[in-house]
Structures are given as structure tokens and as C-alpha cells.
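Protein chains get the first letters and strands the later ones, always in sequence-line order, with residue 1 at the start of each. Side chains included, hydrogens not; waters and symmetry mates left out as well; all remaining heavy atoms used. Everything numeric here is computed off the predicted structure, so don't read it as measured data.
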Protein chains: 2
Amino acid sequence: MNTSKKILIVEDDPNISKLVEYNLQKSGFKTTSVDSGEKAIAMLQKDKFHLAILDIMLPGMDGLEICKKIKNNKKLSDMKILILTAKGEEVDKVLGFELGVDDYVVKPFSPRELVLRVKAILRRNETVKDLILCDGIKIDVKNHDVFVDNKKTELTAMEFKLLVTLVENKGNVQTRDYLLEEVWSSSSDITTRTIDTHIKRLRQKIGKYGKKIETVRSLGYRYID
Amino acid sequence: MNTSKKILIVEDDPNISKLVEYNLQKSGFKTTSVDSGEKAIAMLQKDKFHLAILDIMLPGMDGLEICKKIKNNKKLSDMKILILTAKGEEVDKVLGFELGVDDYVVKPFSPRELVLRVKAILRRNETVKDLILCDGIKIDVKNHDVFVDNKKTELTAMEFKLLVTLVENKGNVQTRDYLLEEVWSSSSDITTRTIDTHIKRLRQKIGKYGKKIETVRSLGYRYID
DNA sequence: TACAAATGTGACAAGTATGTGAAAAACAAG
DNA sequence: CTTGTTTTTCACATACTTGTCACATTTGTA
């Protein structure tokens with residue numbers, strides 16, 4: 001169907017990981033599986049994956065810890081995460097979602113369901129470019145680098161996502177609601193004023209191009225085409 | 001903020017349907033709810049909805065059957081569908097996805113998540129720019145941009161709504177009462193003279209086309225065809 | 001023509017959205 | 001725990017919108 005995506009499975013029960021691998025491969029995904037958090041981190045540094053399927057219950061570093069590490073790592077934070085959780089671990093679920101997890105599946109699960117969820121997650125943003133050029137701004141999406149008039153500019157994670165969202169939709173107004181969902185994880189509840197603050201700082205940091213981020217009163221913001 | 005979308009809720013548990021209705025209405029959606037598939041079908045023939053939220057487990061015609069009927073009906077097939085499903089009904093989920101369902105939410109769900117998913121679904125289709133062209137006036141509805149003879153003209157939120165309403169009904173008189181409902185949310189108690197003030201400001205801003213907004217004495221206003 | 005009702009218009013006050021700096025909170029690293 | 005960074009919140013400033021009013025002008029009618 002499409003360029004096959006790479007999926008990392010972190011699961012200590014070999015029966016489950018084999019089942020999952022088999023079904024994902026049947027659907028055309030490339031899979032790798034490891035049985036501990038430590039190995040997962042090591043693997044993630046070696047190779048790039050589009051999605052990680054994390055078991056919550058793991059010996060040593062558990063799924064949530066891995067998740068945190070991933071989300072806090074600039075180079076990994078755009079990787080998708082699907083959590084596997086045993087019935088009754090609802091607290092974990094909640095925690096998981098707040099960490100920016102994309103979906104979760106409760107064990108025991110049907111392989112078909114898992115595959116569908118994986119497809120759904122990966123479909124969400126398929127058109128991710130690696131390099132975005134816009135006016136004098138160059139964005140290296142993969143490496144989270146931003147250059148303004150060829151001068152490297154340090155942006156924080158939020159500022160980066162915000163800029164990418166604005167620039168990718170150049171010319172179109174992004175409503176606050178949309179930005180909240182796209183830039184901040186949908187499950188967080190944030191004062192919409194937070195957006196304004198970030199816009200302000202982003203404008204500052206991109207210098208003269210700050211003027212190209214336009215306020216559309218009562219609607220949202222847009223990067224002028 | 002936006003033209004409010006209509007949502008049909010098909011759910012036999014009144015607790016859930018009330019919860020859902022309450023939260024969606026709070027977010028500005030218009031909701032109708034019915035407790036059976038038969039009533040849903042009847043309702044869909046009477047009125048147009050943008051999204052249907054279907055419970056899978058229903059007495060009589062179940063959610064999937066409704067879904068099938070909708071997707072097979074040309075007039076309805078572009079309506080979006082969100083499925084509500086209880087845990088463990090995985091087969092249903094799968095079937096649902098193959099039927100062209102846009103998203104599903106597993107019970108028990110958080111109202112907030114549901115609302116966010118609904119917003120996300122309804123936003124997907126809005127990527128198509130809808131432009132209104134009328135004389136030398138070009139209106140980019142999505143971006144709230146107005147060009148008069150290709151020159152960008154800044155309109156406030158109210159002026160924008162007013163212009164769109166007038167131009168969309170070009171040739172037909174819009175009574176003050178109608179404008180109050182359409183442009184101002186009907187509930188507000190506003191002097192009708194407020195309309196006149198806004199008409200005046202709008203006329204000024206659209207320059208020579210201001211003359212095309214005609215006063216129909218003792219009735220209302222119209223944009224001349 | 002005179003009159004009353006409806007509408008046009010400019011000014012203003014109240015309301016609302018956004019900009020901005022700084023403090024507080026959350027977070028990561030040491 | 002402490003430190004430094006990022007993120008969020010808050011409070012205040014500012015700029016823009018909106019509704020209302022008073023008065024001017026127009027319109028229809030007698």
C-alpha cells in the first residue's frame with residue numbers, strides 16, 4: 001500500500017510479541033522486537049522507527065518510562081506510541097495518555113484490532129516532509145533544526161511544533177482549537193492563552209519573519225503566504 | 001465562531017446520550033438524539049446532519065446496520081460517522097472500520113475526548129477552500145479573508161458574517177429578524193438599530209459595492225443581484 | 001409641503017481579544 | 001536536592017470590536 005513503516009515492539013512475553021510481529025508483517029510493516037526497555041532505547045538510537053508498541057508491564061524499565069524517555073528526546077518525540085496494557089490497569093492508561101501516547105490496546109486483544117489501530121495511527125500524518133523551506137526559514141524536521149537566514153535558531157519543542165504547523169499550512173488560518181490539538185497533545189487541557197504566549201516567543205525568535213505570523217482576530221493565527 | 005454543525009446521536013441509554021448532548025452543545029454543536037435505528041433513519045430523511053454518533057449495541061437495528069444504510073444512500077454517504085462501542089466488541093470495531101466509519105470511541109469514554117474527536121472529524125473536510133465570488137468581491141470563507149477588487153479588506157467578525165449572509169442570499173431581502181438570528185446568535189437581545197450601524201460600516205468598507213447593499217424600507221436589507 | 005417613521009451617521013463607552021513581561025510550575029539533568 | 005530550562009499561568013496593558021445613543025437625513029404619505 002505504502003512505503004512500509006518500521007515498528008518496534010517492546011514486549012517480554014515471546015508469545016505475544018511473535019503474534020504481533022506475525023500480524024503486522026502480514027500487513028506489510030517492518031517489525032523489530034525487543035524484550036526490555038533498555039534494549040528498546042538502544043535500538044531506537046540505532047535505527048529510526050515510526051511507531052513503538054510498548055507493553056506496560058516489563059521487567060526493569062517499564063513501558064511508561066520508555067514512553068517518557070521517547071517523548072523527552074527531541075529526535076524521537078515525533079515517533080508514535082501505542083501502549084499494550086492488561087485489563088484493570090486503567091490508571092496506567094490515563095497516565096499513558098497524558099504522556100502523549102497515540103492509542104492503547106487492552107490485553108487480551110484481537111490481532112486484527114491491533115493492526116487496524118496501528119494503521120490508524122500511522123495514517124494520521126503521512127505527509128511529513130523532512131525539510132521545509134519557507135521564505136528565509138529552513139526547517140529540518142528530522143533533526144529539529146531551524147535556520148533563519150541560514151543562521152541556526154534554537155527553538156524549544158513547543159515552538160518548533162508550532163512553527164511547523166503554521167508553515168505547513170502557510171496561508172491558512174489555524175484556529176486555536178486546531179493548534180491545541182495539533183501542537184499540544186489533544187488530551188491536555190490548556191488555557192488557550194498559552195498559545196498566545198508561545199506565538200509571541202516564536203515571533204521573537206524568528207526575527208523579521210515574526211511579522212509573517214499574522215493574528216486573525218477571533219479566529220487564530222496564520223503564516224502569511 | 002463557525003457555522004454550527006448538526007450531529008445526530010443514536011443511543012438507547014439516556015444517561016449517555018444526555019452526557020454527549022450536553023458536552024457537544026457546550027462546544028457549539030447542534031444536537032438531536034434518538035434511541036433507535038429506525039428513528040435515526042427517519043430523522044436523517046427529515047433533516048441534514050454532518051455527523052452521526054452511533055452506538056453499536058442498540059435494540060432492533062444496530063449501529064452497524066445504520067452505518068451500512070447510511071453509506072449506501074447517496075444523499076447521506078458524505079455524512080461522517082463516529083461509533084460508540086463497549087470494550088471487547090472488537091469484531092464490531094473491525095467491521096465498523098471496513099464500512100467507512102470515521103472514528104470510534106470506546107466506552108467508557110471521557111466527554112472531552114469525544115468532543116475532540118468530533119471536532120477532528122468535522123475539520124477534515126474543511127480543507128477545501130470555499131470561495132464566494134460576487135461582483136468584484138471575493139470571500140475566502142475559511143480564512144475570513146475578503147478581497148474587494150483584489151484588494152484585501154479587513155472586516156471584523158460581525159461584518160464578515162453579515163457580508164456572507166447578504167451575499168449568500170444575493171437578490172433576496174434579509175429581514176432584520178432573520179439577520180439577528182443568523183449573524184448574531186438569536187438569543188442575544190440587541191437593538192435592531194445595531195444592524196443599521198453594522199450595515200453602514202460594511203458599506204463603507206466594501207467601497208463602491210456598498211451601493212449594492214440595498215435598504216428595503218421597513219423590511220431589511222439585500223445585496224442586489 | 002409638512003409630518004412621522006425609518007434609516008444613516010458619528011461619537012463614545014463597555015466589552016473583548018490579544019500582546020507582553022514576569023512569576024509559578026513542571027520538567028530534566030547533574 | 002539543586003540548578004537551569006521549558007512550559008504554563010497570570011496580571012496588566014493595549015488595541016480593536018461592538019452596541020447604543022443622539023442627532024441628521026431620507027422616505028413615504030397625507
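Every residue two or more places apart in sequence or in another chain was checked for a salt bridge (charged side-chain N to carboxylate O under 4.0 Å, His left out) with R201(B), and none qualifies. Under the rule for a salt bridge (charged side-chain N to carboxylate O under 4.0 Å, His left out), the partners of K152(A) that lie at least two apart in sequence or sit in another chain are D145(A). Listed by chain and residue number, D13(A) satisfy the side-chain contact (heavy atoms from CB on, under 4.5 Å) test with N15(A) (two or more places apart in sequence, or in another chain). For F160(A), the ring-ring contact (aromatic ring centres under 6.0 Å, His included) test picks out H144(A), with sequence neighbours left out. For K39(A), the salt bridge (charged side-chain N to carboxylate O under 4.0 Å, His left out) partners at least two apart in sequence or on another chain are D35(A).
Atoms CD (E154(A)) and P (dG4(D)) sit 18 Å apart, rounded to a whole Å. Between E159(B) atom CD and dT17(D) atom P there is a gap of 8 Å when expressed in whole angstrom units. In this structure, the CG atom of D196(A) is 14 Å from the C1' atom of dA15(D), given to the nearest Å. Straight-line distance from the CG atom of L155(B) to the C1' atom of dC16(D): 14 Å, rounded to whole Å. Summarising the geometry, the separation between CD1 on I195(B) and P on dT18(D) is reported as 14 Å, rounded to the nearest angstrom. The separation between I199(A) atom CD1 and dT8(D) atom P is 13 Å, rounded to whole Å. Nucleotide dT17(D) holds its C1' atom 16 Å from the CZ atom of F160(B), rounded to whole Å. Atom NE2 in H144(B) sits about 15 Å away from atom C1' in dT17(D), given to the nearest Å.
For residues 211-220 of chain B, every residue pair satisfying the salt bridge (charged side-chain N to carboxylate O under 4.0 Å, His left out) rule, not counting sequence neighbours, is listed here: D135(B)-K212(B), E214(B)-R222(B). Among residues at least two apart or in separate chains, there is no ring pair (Phe, Tyr, Trp, His ring centres under 6.0 Å) pair with a member in residues 203-225 of chain B.
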Enumerate all atom pairs, one protein N or O and one N or O from nucleotides 21-25 of chain D, separated by less than 3.5 Å.
none

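Neither OP1 nor OP2 of dT18(D) sits under 4.0 Å from any side-chain N or O of H198(B). Between W184(B) and dG19(D) there is a side-chain N or O to OP1 or OP2 distance below 4.0 Å.
Inspection of the N172(B) and N169(B) side chains reveals no N or O donor paired with an N or O acceptor under 3.5 Å. Side-chain contact annotation: T165(B) with E182(B), donor-acceptor N/O pair under 3.5 Å absent.
Near DNA chain D, meaning a heavy atom under 4.0 Å away, the residues from residues 200-225 of chain B are R201(B), R217(B).
Nucleic acid contact for T156(B): sugar-phosphate only, since backbone atoms but no base atoms lie under 4.0 Å from a heavy atom of the residue.
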